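Data first, discussion second: the structure below is written as structure tokens.
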Amino acid sequence: MRKPISVSLPFIASDGRVGAVHLRRDDQCGRKAHLSISAGHAASGSSANAPLTVDAMRQLVDGMMDCIQALERNGRVFSEDSHD
């Protein structure tokens, strides 16, 4: 029996709705983990779910890191431009 993994990251969408990204892996998932994104209230909100392999999780994280680095780079460029 593998140790279950459960991670939830709350966020506030640009339109003000509260949501969360959830990643879960347990014995029922087999060799995959389940990623879900929920937005809004449980009764009226929406949710998207996807089973992810390890390779798919790596691609997701790599893509997120690329986005974060681009945002940081743009922030530095904007900061440098505003001082000129």
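Predicted, not measured: the structure shown is a model, and the values here were computed from it.
A 4.5 Å side-chain heavy-atom check between Met57 and Leu52 finds at least one atom pair inside the cut-off. Side-chain contact check for Gln59 versus Asp62: every heavy-atom pair is 4.5 Å or farther apart.
With no hydrogens or angles considered, a side-chain donor-acceptor pair links Ser38 and His22 at under 3.5 Å.
Taking all atoms of both residues into account, the shortest heavy-atom contact from Ile37 to Val21 is CG1-CG2, 4.1 Å.
Thr53 is linked by a side-chain hydrogen bond (donor to acceptor under 3.5 Å, both in side chains) to nothing, counting only residues two or more places apart in sequence or in another chain. Arg24 meets the salt bridge (charged side-chain N to carboxylate O under 4.0 Å, His left out) test with Asp26; sequence neighbours excluded.
Within a 6.0 Å sphere centred on CG of Leu71, other residues, nucleotides and ligands contribute more than 12 heavy atoms.
Put simply, CG on Leu60 and CG on Asp55 are 12.5 Å apart, with the number rounded to the nearest 0.5 Å.
Placement of Met64 and Val54 within a single hydrophobic cluster is found when ILVMFWY residues are connected by side-chain heavy-atom separations under 4.5 Å, directly or transitively. No single ILVMFWY cluster, assembled from side-chain heavy atoms under 4.5 Å apart, contains both Phe11 and Ile68.
Of the possible polar contacts, one joining the Arg25 side chain to the Lys3 backbone as a donor-acceptor pair under 3.5 Å is found.
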